[in-house]
Amino acid sequence: MFSRDAGRYVCDYTYYLSLHHGNGRAALIHVPPLSPELPASLLGKALQVVIQEMLADELVQRCSARMAVKVPQ
């Protein structure tokens, strides 16, 4: 589930410190505990998909920003 709530205590500190050091760009992914219903292999694949999507979005944003910049002639 997507959320803009960083949670409490350690999560807040980690997220906001990351925002500070990342100049406003950071992500915090809450990872649930492993269980018989959620083995490490499935969790790993899910995290891989999430991170790949985040990187793809970043690439699109960077390309769009570069295209919006006028090149002097």
Side-chain angles (χ1 to χ4, degrees):
M1 175 171 53
F2 179 78
S3 172
R4 293 200 182 276
D5 180 8
R8 307 261 182 196
Y9 310 113
V10 173
C11 294
D12 280 344
Y13 177 75
T14 301
Y15 181 60
Y16 292 109
L17 192 61
S18 297
L19 283 172
H20 173 73
H21 288 288
N23 295 320
R25 301 184 61 83
L28 177 69
I29 302 171
H30 284 271
V31 179
L34 297 177
S35 68
E37 295 81 27
L38 185 60
S41 59
L42 181 59
L43 181 58
K45 288 177 186 176
L47 287 170
Q48 184 178 15
V49 168
V50 168
I51 292 167
Q52 286 175 337
E53 288 295 319
M54 291 168 61
L55 291 172
D57 286 346
E58 176 66 19
L59 180 60
V60 168
Q61 289 178 16
R62 287 184 183 207
C63 289
S64 296
R66 285 186 181 174
M67 293 178 75
V69 173
K70 295 181 181 178
V71 178
Q73 296 187 15

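Throughout, residue positions are numbered sequentially from 1 according to the sequence presented.
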Residue list, side-chain hydrogen bond (donor to acceptor under 3.5 Å, both in side chains) with Ser35, at least two apart or on another chain: Glu37

Please output the side-chain donor-acceptor pairs of residues 41-52 that fall under 3.5 Å, not counting sequence neighbours, one pair per line with the distance.
none

Could you state the interatomic distance from CZ (Arg66) to OG (Ser64), rounded to the nearest 0.5 Å? 11.5 Å

So if you build clusters from Ile, Leu, Val, Met, Phe, Trp, Tyr with side-chain heavy-atom gaps below 4.5 Å, do Val31 and Leu55 land together? yes

Given side chains that start at C-beta, do those of Leu38 and Pro32 come closer than 4.5 Å, heavy atoms only? yes

Once rounded to the nearest 0.5 Å, what's the spacing between atom CG of Leu28 and atom CG of Asp12? 9.0 Å

Please write out which residues are connected to Leu59 in a hydrophobic cluster, directly or through intermediates, given that two of Ile, Leu, Val, Met, Phe, Trp, Tyr count as joined at side-chain heavy-atom separations below 4.5 angstrom. none

Grab the two heavy atoms, one from Pro39 and one from Leu34, that are nearest each other, plus how far apart they are. C-CD2, 3.9 Å

